[in-house]
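Every number for a ligand or one of its atoms is a count from 1 in the order of the listing.
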Amino acid sequence: MVFASEPAGPVLRVGYGEDAHRLAAGHPLILGGIPIPGAALGTVAHSDGDAVLHAVADALLSGLALGDIGDYFPDTDPLWAGLDSRAILGRVLELVRERGYAPVNIALVVTLDKPKLGPLRAQIACNVAALLGLPESEVGVSFKTSEGLAPAHVQTRATALLSRIQG
Ligand SMILES: Nc1ccn([C@@H]2O[C@H](COP(=O)(O)O)[C@@H](O)[C@H]2O)c(=O)n1
Ligand SMILES: C[C@@]1(CO)OP(=O)(O)OP(=O)(O)OC[C@H]1O
C-alpha cells in the first residue's frame, strides 16, 4: 500500500541507559528523586547523584540516538554542580517530545547493598512515573545487592520504550 506521506520514523523505539556512582559517608543518597532515609553512604557526584534518574534520562536519549546526559550537562561545567537531576530528566523529556516521541514504559534495576530499598519501591516508581507523565504501572523497579562485592557503589540500569506521538 502507498501512503500520501510516509511515517517520520519507527512507531516504537527502545532505549537503554546505565549509571554508576561511588558511595561515601557525608553525601545524600537520592534515587528516583526520593532521598533515601537511613543511608549511611551517599553518592559522590557532580550533580545530586541520582543514579536512577541519570539511567532513565540516558535510556530515553539512547532510544532516539541523541547522545547521553553528559552532552547536555557536562560534569566539567560548574553550572551543573549540585544539579537536581529532576531538571535533567525534564530537559530530556522535552527533547524526546520535540522529536515527536513519548515514553511508554520504563524498566529499572538498582544494584545497591544497603539499605534495603524494597519498602520504597512504590514511592520510587510513582515519582519516576510522575516525572515522565506516566501511570505508576508503567515503571517497573527491581533491586539487587552486589552480594557484598561492591558495598560502596550504586549501579543502575534502565530500558525505555518510546512511541511516536500520534496525530
Ligand atoms: N538495596 C536492596 C537490594 C535488594 N533488595 C531486595 O532483596 C532481595 C534479594 O536481593 P539479591 O540481590 O540478594 O538477590 C530482592 O528481593 C530485592 O528486591 C532490596 O530491597 N534492597
Ligand atoms: C549529571 C552530571 C553533570 O552534573 O554529573 P554527575 O552527577 O557526576 O553524573 P554522571 O552520571 O556521572 O554524569 C553526567 C553528568 O552530566
Side-chain angles (χ1 to χ4, degrees), residues 14-96 98-99 103 105-132 136-160 162:
V14 68
Y16 178 74
E18 290 198 7
D19 195 27
H21 283 277
R22 187 165 66 84
L23 301 176
H27 294 260
L29 180 63
I30 301 172
L31 295 171
I34 306 295
I36 306 301
L41 305 177
T43 45
V44 179
H46 185 62
S47 69
D48 68 2
D50 190 328
V52 164
L53 296 190
H54 294 179
V56 172
D58 271 354
L60 295 173
L61 289 172
S62 81
L64 290 164
L66 293 175
D68 63 50
I69 57 173
D71 296 328
Y72 303 88
F73 302 93
D75 63 7
T76 48
D77 189 337
L79 190 60
W80 310 126
L83 180 66
D84 183 333
S85 297
R86 292 174 295 186
I88 297 178
L89 192 58
R91 177 62 191 134
V92 166
L93 197 53
E94 275 178 5
L95 290 167
V96 166
E98 281 167 12
R99 280 155 182 82
N105 78 302
I106 302 289
L108 268 166
V109 182
V110 180
T111 304
L112 179 77
D113 280 5
K114 287 180 186 167
K116 283 287 185 191
L117 295 171
L120 298 171
R121 192 190 316 270
Q123 209 183 336
I124 291 171
C126 194
N127 205 45
V128 173
L131 292 169
L132 296 173
E136 186 186 342
S137 57
E138 302 314 313
V139 178
V141 186
S142 304
F143 301 117
K144 302 302 292 180
T145 66
S146 77
E147 299 284 351
L149 293 172
H153 183 254
V154 60
Q155 173 85 48
T156 55
R157 301 175 173 92
T159 51
L162 302 172

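Atom 9 (O) of ligand 2 has its closest protein heavy atom at H54 CE1, 3.3 Å. Of the protein's non-hydrogen atoms, the one nearest atom 15 (C) of ligand 1 is F143 O, 4.0 Å. Given atom 15 (C) of ligand 2, the protein heavy atom at minimum distance is F73 O, 3.3 Å. With respect to atom 12 (O) of ligand 1, the closest heavy atom belonging to the protein is T145 N, 2.6 Å. Nearest protein heavy-atom contact of atom 14 (O) of ligand 1 is K144 NZ, 3.2 Å. Remark: minimum distance from atom 9 (C) of ligand 1 to any protein heavy atom is reached at K116 NZ, 4.2 Å.
Heavy atoms of H46 found under 4.0 angstrom from ligand 2 belong to the backbone as well as the side chain. When non-hydrogen atoms are compared, ligand 2 lies under 4.0 Å from the side chain of I88 (C-beta onward) but not from its backbone. Neither the backbone nor the side chain of P119 comes within 4.0 Å of ligand 1, counting heavy atoms alone.
Set against the non-hydrogen atoms of W80, the atoms of ligand 2 under 4.0 Å away are 4 (O). Against a heavy-atom cut-off of under 4.0 Å, E147 is close to the following atoms of ligand 1: 13 (O). Close approach to R121 involves these atoms of ligand 1, each under 4.0 Å from a residue heavy atom: 18 (O). Near L112, meaning under 4.0 Å from one of its heavy atoms, ligand 1 places the atoms 1 (N), 2 (C), 3 (C).
Between I88 and L83, the shortest heavy-atom contact is CG1-CD2, 3.4 Å. Between E18 and D58 the shortest heavy-atom distance is O-OD2, 4.0 Å. I106 and A160 make their closest contact through CD1-CB, 3.6 Å (heavy atoms, listed as atom of the first residue, atom of the second, distance). Minimum heavy-atom separation, L60 to V92: CB-CG1, 3.8 Å. Taking both residues in full, the closest heavy atoms of V154 and A51 are given as CG1-CB, 4.2 Å, listed atom of the first, atom of the second, then distance.
Distance remark: protein heavy atom not present below 4.0 angstrom from atom 13 (O) of ligand 2. Atom 21 (N) of ligand 1 lies below 4.0 Å from at least one non-hydrogen atom of the protein.
Between D71 and D68 there is a side-chain heavy-atom pair separated by less than 4.5 Å.
Not a single heavy atom of L83 sits less than 4.0 Å from an atom of ligand 2. For the ligand labelled ligand 2, residue D68 lies outside the 4.0 Å heavy-atom shell.
Proximity annotation for atom 11 (O) of ligand 2: of D58, V44, D19, D19 comes nearest, heavy atoms only. Nearest to atom 7 (O) of ligand 2 by heavy-atom distance, out of G70, A87, S47, is S47.
Shown here is R86, whose CZ atom has no more than 12 heavy atoms of other residues, nucleotides or ligands within 6.0 Å. Annotation for R22: atom CZ does not count as buried by contact number, only 12 or fewer foreign heavy atoms lying within 6.0 Å.
Under the 3.5 Å distance criterion, with hydrogens and angles disregarded, no donor-acceptor pair is assigned to the side chains of T156 and H54.
Although no hydrogens or angles enter the test, the distance criterion places a donor-acceptor pair under 3.5 Å between the side chain of S62 and the main chain of Y16.
To the nearest 0.5 Å, atom CD1 of residue I124 and atom CD1 of residue I34 are 6.5 Å apart.
For ligand 1, the polar-atom distance check against K114 finds no nitrogen or oxygen pair separated by under 3.5 Å.
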Intermediate values then yes/no, side chain to side chain contact (heavy atoms under 4.5 Å, CB included), V56 and L132
CA-CA 10 Å; V56 172; L132 296 173; 4.1 Å; yes

